[in-house]
Structure formats: structure tokens, C-alpha cells
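Below: one structure, written as C-alpha cells.
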Amino acid sequence: MSGAGRFAPSPSADLHIGNLRTAVLAWLFARSTGRRFLIRVEDLDDRTHDDVAHRQLADLAAIGITWDAEPQWQSAHPDRYAAVVDDLAARGLVYECYCSRKDILAAPRAPHAPEGAYPGTCRGLSEQQRAQRRASRPPALRLRSDTSEYTVTDLLHGTYTGVVDDFVLRRGDGVPAYNLAVVVDDAHSGVDQVVRGDDLLSSSPRQAYLAELLGYRQPVYAHVPLALNADGKRLAKRDGAVTLAELGVERAFSLISTSLGWPSADLTELLDRFDPTTLPRQPWTYQPV
Ligand code: GLU
């Protein structure tokens, strides 16, 4: 089986021009390297927005993006994630955590502990302590990691080393955590190229570390710059004139291709000219007209 790239939107809102641009880039990276292209609807968190997911798929198709298999809905296969958590648990690599977000913020941490890393509060609890705490709060499950950092290689960022803590595998409400689901699904569908917004660069060491633990092949990463609004903040739907419905396909496509440095009318033409080495490395500031 040849490798694959993918776009994996969360169906929380309609795609805006920045999301569409990332999707175009993911498609270009995949197609220009002879890969298949897949779509995954990341609806574990938000299963109520099937209508949004379908509009996202329609918008992707409208700008010319093609995919090679039926889109996968994460909520359709909870057993896949449960099996991996069970496997890690059998290897002694999972523990229950009873901390709230507030507990984690308030917990004492080592002087050089990285910002946002789980301080390990529940890592060493005895069975008796666990039994007591379980009564008050449904536990999340965390990975017992044996490193504090991990290095990935990114086509745009080069070598990137980032934090790996005992991150959550399954939330207290039973929902598989984002980092687990991404790694399991990418491996399951043969994805070996991950192109996405660079807000997720700092998650990639955790994901790559987990992939290694599970014996999966490491994907190639390319974290692409995000789109910003006129105030230099991350572009959002509320900025207005940002969705395909608001902009129209032609205008949206022209904005995207111009932002990549190759003004063009269609995606096939863009593919002919695609050269990742000349991609803008700075965020793209979107100015509505
Ligand atoms: N679902 C995530 C998002 O919409 C992307 C996950 C990924 O590409 O790994 O931000």
C-alpha cells in the first residue's frame, strides 16, 4: 500500500479560509509525493455536528480537493482506541489520574518542569489511594512515559524537540484523547505524512513518542503557518468573510493560491507548480475586502 496524507477537521464550525488553505497544502504535499489523500472527521469531542462535518466535506470538494476513500468518522469505531489503551495498560504503561485542571495548575512542580506538563501527581498512588479517589471522580487514563522530551523531523521546521509528559489517553468522561486518536487513526489508515497547522507542532513529540511505543511507522511532518486576522490574531469564523459560503469558490481559491505565491485558478495547476521549498514560512495575514 502506498503512503497517504490527510486532512482531519474537527466539525466544530465551518472551515474558514485558513483551514481551507491548510487543506490545500495537505493535498498538495500528498499528491506531489504520489500519496493517496484521506479525510478524517475528528468528531470524538463533538458528535452533535454531523451537519457541520458534511458542509466541511462539501467545501473541500468545492475547492477541488479529492480523496481516495470514504471519509472516516472517529466516533464510528470506539473499539479501535479502547484496544490500544488496553494493550498499553497490559504493558504497565497506563495509570489512572484523578486530577482536575485546577489541581494540575496548583500542583507543586520541579523548578525546570516545562510549562503545561503534567506534574505526575497520580503516577505513584497506591491501590488503596486509587480506590479512595475513584469514589470521588471518574479517572482519566494517562500514559506512563519514560521520557520528558522527544524529537521529530518536520519538513518546514527541521528538527523539533518538545515536551512529552504523562499525557492523557482517555478522558475522565471516557472519550479517547486527541493525541491517542490521531496516532491510532493515522497508523490504521496508512497515513505516513501529516500536514497541519503549526499550532499542533508542539503536540507532535507526544504523538511521535506514542507511535514509537506502539511500534508504528513515524509519519513525515509538515506544520504549516496559520492564517491570522488583520489584528495579527489567529483567524476565526467571527472575523467575517472567511467561509466558502461568504467568499465564493473563485475568490477563496484565488486568495489561497496567491497567499502561497502561485496565483492560480485551479488546484491541478497549483499542483504542477508546487514547490515546498519556496513555501512562505510566515503566517499569512488575511485581509477581508
Ligand atoms: N482535528 C484537528 C483540528 O481540526 C487536527 C488534528 C490533526 O491534524 O492532527 O485542529
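Sequential numbering from 1 along the given sequence is applied to the chain's residues. When a ligand or atom number is given, it counts from 1 through the structure's own listing order. Predicted model only: the values in this text are computed from it and were never measured. These numbers come from the heavy atoms of this one structure, side chains and all, not from hydrogens, waters or symmetry mates.
In terms of the side chain to side chain contact (heavy atoms under 4.5 Å, CB included) criterion, residue partners of S257 (sequence neighbours excluded) are, by chain and number, F253, S264, L270. With sequence neighbours excluded, the residues forming a ring-ring contact (aromatic ring centres under 6.0 Å, His included) with Y81 are H77, listed by chain and number. For D198, the side chain to side chain contact (heavy atoms under 4.5 Å, CB included) partners are H157, H223, P225, L226, not counting sequence neighbours.
Between R234 and D199 there is a salt bridge, with a side-chain nitrogen of the basic residue lying less than 4.0 Å from a carboxylate oxygen of the acidic one. Checked for salt-bridge contact, R134 and E127 meet the test: a charged N lies under 4.0 Å from a carboxylate O.
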May I have every N or O pair linking ligand 1 to the protein at under 3.5 Å, one per line with atom names and distance?
residue: ligand 1; atom: 1 (N); partner: A8; partner atom: O; Å: 2.8
residue: ligand 1; atom: 1 (N); partner: S10; partner atom: OG; Å: 2.9
residue: ligand 1; atom: 1 (N); partner: E42; partner atom: OE1; Å: 2.6
residue: ligand 1; atom: 4 (O); partner: S10; partner atom: N; Å: 3.3
residue: ligand 1; atom: 4 (O); partner: S10; partner atom: OG; Å: 3.2
residue: ligand 1; atom: 8 (O); partner: R6; partner atom: NH1; Å: 2.6
residue: ligand 1; atom: 9 (O); partner: R6; partner atom: NH2; Å: 3.0
residue: ligand 1; atom: 9 (O); partner: Y178; partner atom: OH; Å: 3.0
residue: ligand 1; atom: 9 (O); partner: R196; partner atom: NH1; Å: 2.8

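Donor-acceptor pairing under 3.5 Å is recorded for the side chains of R31 and T66.
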